[in-house]
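Data block below; observations after.
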Amino acid sequence: MARLLLIVAAGSGTRLGREIPKGLVALAGRPLLDWTFDSVAPGAFARVVVTAPADRVEEFASLIGGRGRVVAGGETRSDSVRRGVRALAPEATDVVAIHDAARPLVTAEEIRAVLEAAEQNGAAAAATPIVDTVKRIAGGAIVGTLNREELCGAGTPQAFRAEILEKALSRGDATDEAALCEELGIPVALVPVSRLSFKITTPADLELAEAVLSSRRTREAPNMTQRVGIGFDAHPFVPGRELRLGGIAIPHEKGLEGHSDGDALLHAVTDAVLGAAGLGSIGDHFPPGDARWKEADSATFLRGARDMAKSRGFEVGNVDAVVIAESPQIAPYAVGIGARIAEILEVEAGVISVRGTSTNGLGFTGRSDGVAAMAIVLLKSR
């Protein structure tokens with residue numbers, strides 16, 4: 001079972017009073033879609049697809065870079081979702097999360113909760129409580145009061161096992177996929193999320209979102225512009241595996257054992273990024289017992305850590321990493337490793353330092369039984 005993500009971003013910015021697609025509208029100095037990507041932590045998904053207006057696909061692709069694939073959306077929301085799901089090409093048991101690009105304030109924790117509910121129940125949707133008294137009106141006058149205890153605001157993310165989503169999308173069009181499931185009699189679990197996960201539709205919504213982002217930056221990094229994290233990892237050599245360090249393949253007679261590709265250096269850098277951002281460890285977000293990460297490219301973990309740090313208002317300032325090994329020698333590959341880490345972190349190669357050292361025959365690395373890596377990462381408030 002894989003987790004897949006579809007971000008629906010084919011809508012216009014008409015109600016925002018803009019002549020560009022909503023996903024490209026500036027929010028606190030950055031495109032709205034860029035904030036949404038920061039929030040959803042795309043590195044935690046096996047595949048990510050974004051639907052964009054048909055005449056803006058290349059522009060959207062340039063914006064998101066290697067974080068996902070962009071395809072043209074359709075005339076309706078349901079049409080865009082069908083195209084996006086087709087591009088994701090899910091297996092029947094995969095879980096597909098669908099999220100509106102216009103909801104940039106959702107948290108990675110909220111998305112994870114909806115995914116877990118869908119994995120357990122087959123279908124799940126984010127929901128916010130109704131706090132106002134809701135009236136039924138006719139002819140401009142109140143004709144009744146609804147029981148708000150029986151009401152909620154349905155939003156995104158919504159997540160479904162792929163086999164259920166396929167059936168739902170065959171029903172036709174609706175304002176959300178949960179409504180299509182309702183027509184089929186498929187129960188949809190509700191997952192409470194913060195009211196801050198609102199949809200940006202009007203200029204007032206945009207103003208409110210900017211105020212929330214400003215408040216988050218102040219609250220999450222009070223009086224602090226820089227934070228430092230330390231990461232360490234070690235893996236034993238095993239025969240029959242490719243040796244990967246720093247995201248590149250290195251010629252060697254053995255590779256590193258691990259649930260993923262065993263890249264001890266990327267694991268150390270990932271832990272350092274998470275530690276600096278106050279986000280726990282790599283095992284918290286990408287547990288080694290999870291089948292999704294079996295043989296996974298460890299670049300996935302580092303991208304996820306990068307995106308989670310961004311969601312807290314941080315970007316990587318520099319990385320200093322040391323690979324401890326008797327063999328192979330790291331020096332011939334240090335520049336290539338640094339360039340690859342810079343690419344994953346979306347920073348200049350000049351802020352990445354990678355070097356190798358040995359223990360002069362001492363310990364498991366000195367016996368050439370494996371490789372260890374250490375990394376220090378500086379995060380800066382954005």
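As the structure is a prediction and not an experimental result, all values here were calculated from the model. All heavy atoms count here, side chains included; hydrogens, waters and symmetry mates do not. Counting from 1, the numbers follow the sequence of the chain as shown.
Of all heavy-atom pairs between D79 and D173, the closest is N-OD1, 4.5 Å. Scanning all heavy atoms of the two residues, the minimum distance from A162 to V96 falls at CB-CG2, 4.5 Å. Residues R195 and P129 approach most closely at CG-CD, 4.4 Å, considering heavy atoms. Between L88 and L5 the shortest heavy-atom distance is CD2-O, 3.7 Å. When all heavy atoms are compared, the tightest approach of A46 to A2 is CB-CB, 4.1 Å. Nearest heavy-atom pair across G317 and V351 is O-CB, 3.3 Å.
One hydrophobic cluster, built from ILVMFWY side chains closer than 4.5 Å, holds both I98 and V71. Cluster membership check: I341 shares its hydrophobic cluster with I250, using side-chain heavy-atom separations under 4.5 Å among Ile, Leu, Val, Met, Phe, Trp and Tyr. Both F37 and V57 are part of a single hydrophobic cluster, where members link through side-chain heavy atoms under 4.5 Å apart. In terms of hydrophobic clustering, with Ile, Leu, Val, Met, Phe, Trp and Tyr side chains grouped at heavy-atom distances under 4.5 Å, V188 and V193 are assigned to different clusters. Taking hydrophobic clusters as Ile, Leu, Val, Met, Phe, Trp and Tyr residues chained together by side-chain heavy-atom distances below 4.5 Å, I324 does not share a cluster with I330.
Listed for the E110 side chain is a donor-acceptor partner under 3.5 Å among the backbone atoms of S194. Listed for the N147 side chain is a donor-acceptor partner under 3.5 Å among the backbone atoms of E149. Listed for the D132 side chain is no donor-acceptor partner under 3.5 Å among the backbone atoms of V134. Under the 3.5 Å distance criterion, the side-chain polar atoms of R340 are left unmatched by any main-chain donor or acceptor of I248. Looking at D38, its side chain never comes within 3.5 Å of a backbone N or O of D307 through a donor-acceptor pair. T36 places a side-chain N or O within donor-acceptor distance of the main-chain N or O of A101, the cut-off being under 3.5 Å. Judged by distance alone, the side chain of R171 and the main-chain N or O of L180 form no donor-acceptor pair under 3.5 Å. Looking only at distances, no side-chain donor or acceptor of D94 sits under 3.5 Å from a matching main-chain atom of P90. Using a distance-only test at 3.5 Å, with no hydrogens or angles considered, a donor-acceptor pair links the side chain of R82 to the main chain of L169. Not a single donor-acceptor pair under 3.5 Å links the side chain of R136 to the backbone N or O of V143.
Within the 4.5 Å cutoff, no side-chain heavy atoms of L279 are placed close to those of V273. Under the 4.5 Å side-chain criterion, counting only non-hydrogen atoms from C-beta, I200 is in contact with L27. Taking 4.5 Å as the limit, every side-chain heavy atom of R161 sits out of range of all side-chain heavy atoms of T93. Side-chain contact between V269 and V377 is present, with at least one heavy-atom pair separated by less than 4.5 Å. Side-chain atoms of D290 and R3, non-hydrogen and from C-beta on, never get closer than 4.5 Å to each other. When side chains are defined from C-beta on, N318 does not count as touching I352, because their heavy atoms never get closer than 4.5 Å. A heavy-atom distance below 4.5 Å is found between the side chains of T145 and T133. Considering only heavy atoms from C-beta on, H99 stays 4.5 Å or farther from V8 through its side chain.
Remark: E253 CD is packed, more than 12 non-hydrogen atoms of other residues, nucleotides or ligands lying under 6.0 Å away. For Q329, the CD atom counts as loosely surrounded, since its 6.0 Å shell holds 12 or fewer non-hydrogen atoms of other residues, nucleotides or ligands. More than 12 heavy atoms of other residues, nucleotides or ligands sit less than 6.0 Å from atom NZ of K135. Within 6.0 Å of CD in E91 there are 12 or fewer heavy atoms belonging to other residues, nucleotides or ligands. E346 CD: more than 12 foreign heavy atoms inside a 6.0 Å radius.
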### Query
Can M308 and H285 be said to form a side chain to side chain contact (heavy atoms under 4.5 Å, CB included), step by step?
CA-CA 10 Å; M308 285 183 272; H285 301 279; 3.5 Å; yes
#### Entry: salt bridge (charged side-chain N to carboxylate O under 4.0 Å, His left out) between D100 and R103, intermediate numbers included
CA-CA 6 Å; D100 296 328; R103 297 181 187 269; 3.2 Å; yes
### Query
Would L24 and L33 count as a side chain to side chain contact (heavy atoms under 4.5 Å, CB included) if you check the C-alpha gap in whole Å, the side-chain angles of each, and the deciding distance to 0.1 Å?
CA-CA 6 Å; L24 300 179; L33 178 60; 5.8 Å; no
### Task
In sequence, state the C-alpha distance, the side-chain angles, and the governing distance for F160 and Q158, and then conclude on side chain to side chain contact (heavy atoms under 4.5 Å, CB included).
CA-CA 7 Å; F160 311 86; Q158 298 186 1; 3.6 Å; yes
### Task
Mind running side chain to side chain contact (heavy atoms under 4.5 Å, CB included) on L245 and D263 for me, showing each step along the way?
CA-CA 5 Å; L245 284 171; D263 193 325; 4.3 Å; yes
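To the nearest 0.5 Å, the span separating NE2 on H235 from CD on E257 amounts to 9.0 Å. The structure places CG of D369 at 8.0 Å from CZ of F364, a figure rounded to the nearest 0.5 Å. Atom CG in L256 sits 11.0 Å away from atom CZ in R244 (nearest 0.5 Å). Here the OG1 atom belonging to T357 is positioned 9.0 Å from the CD atom belonging to E326, to the nearest 0.5 angstrom. The distance from atom OG1 of T270 to atom CD1 of I282, rounded to the nearest 0.5 Å, is 4.5 Å. Here the CD-CG distance, from E315 to L378, works out to 10.0 Å after rounding to the nearest 0.5 Å.
Residues passing the side chain to side chain donor-acceptor pair (under 3.5 Å) test with T201, sequence neighbours excluded: none. Residues satisfying the side chain to side chain donor-acceptor pair (under 3.5 Å) test with S170, not counting sequence neighbours, are none.
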Side-chain donor-acceptor pairs of residues 295-304 under 3.5 Å, sequence neighbours excluded:
| residue | atom | partner | partner atom | Å |
| --- | --- | --- | --- | --- |
| E295 | OE1 | R241 | NH2 | 2.9 |
| D297 | OD1 | A299 | N | 2.9 |
| S298 | OG | D261 | OD1 | 2.5 |
| S298 | OG | H267 | NE2 | 2.7 |
| T300 | OG1 | D297 | O | 3.1 |

For a quick test of your reading: what N or O donor-acceptor pairs under 3.5 Å do the side chains of residues 59-69 make, sequence neighbours left out?
| residue | atom | partner | partner atom | Å |
| --- | --- | --- | --- | --- |
| E59 | OE1 | R56 | NH1 | 2.8 |
| R67 | NE | I64 | O | 3.1 |
| R67 | NH1 | D34 | OD1 | 3.2 |
| R67 | NH2 | D34 | OD1 | 2.9 |
| R67 | NH2 | L63 | O | 3.3 |
| R69 | NH1 | A87 | O | 3.4 |

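Each ring pair (Phe, Tyr, Trp, His ring centres under 6.0 Å) pair with one or both residues in residues 243-262, not counting sequence neighbours, appears once here: F237-H252. Each ring pair (Phe, Tyr, Trp, His ring centres under 6.0 Å) pair with one or both residues in residues 166-213, not counting sequence neighbours, would appear here, but there are none.
When V81, T156, L165 are each tested for a side chain to side chain contact (heavy atoms under 4.5 Å, CB included) with L6, only one passes: V81.
S281 and D271 form no side-chain donor-acceptor contact under 3.5 Å, judged by distance and modelled atom types alone.
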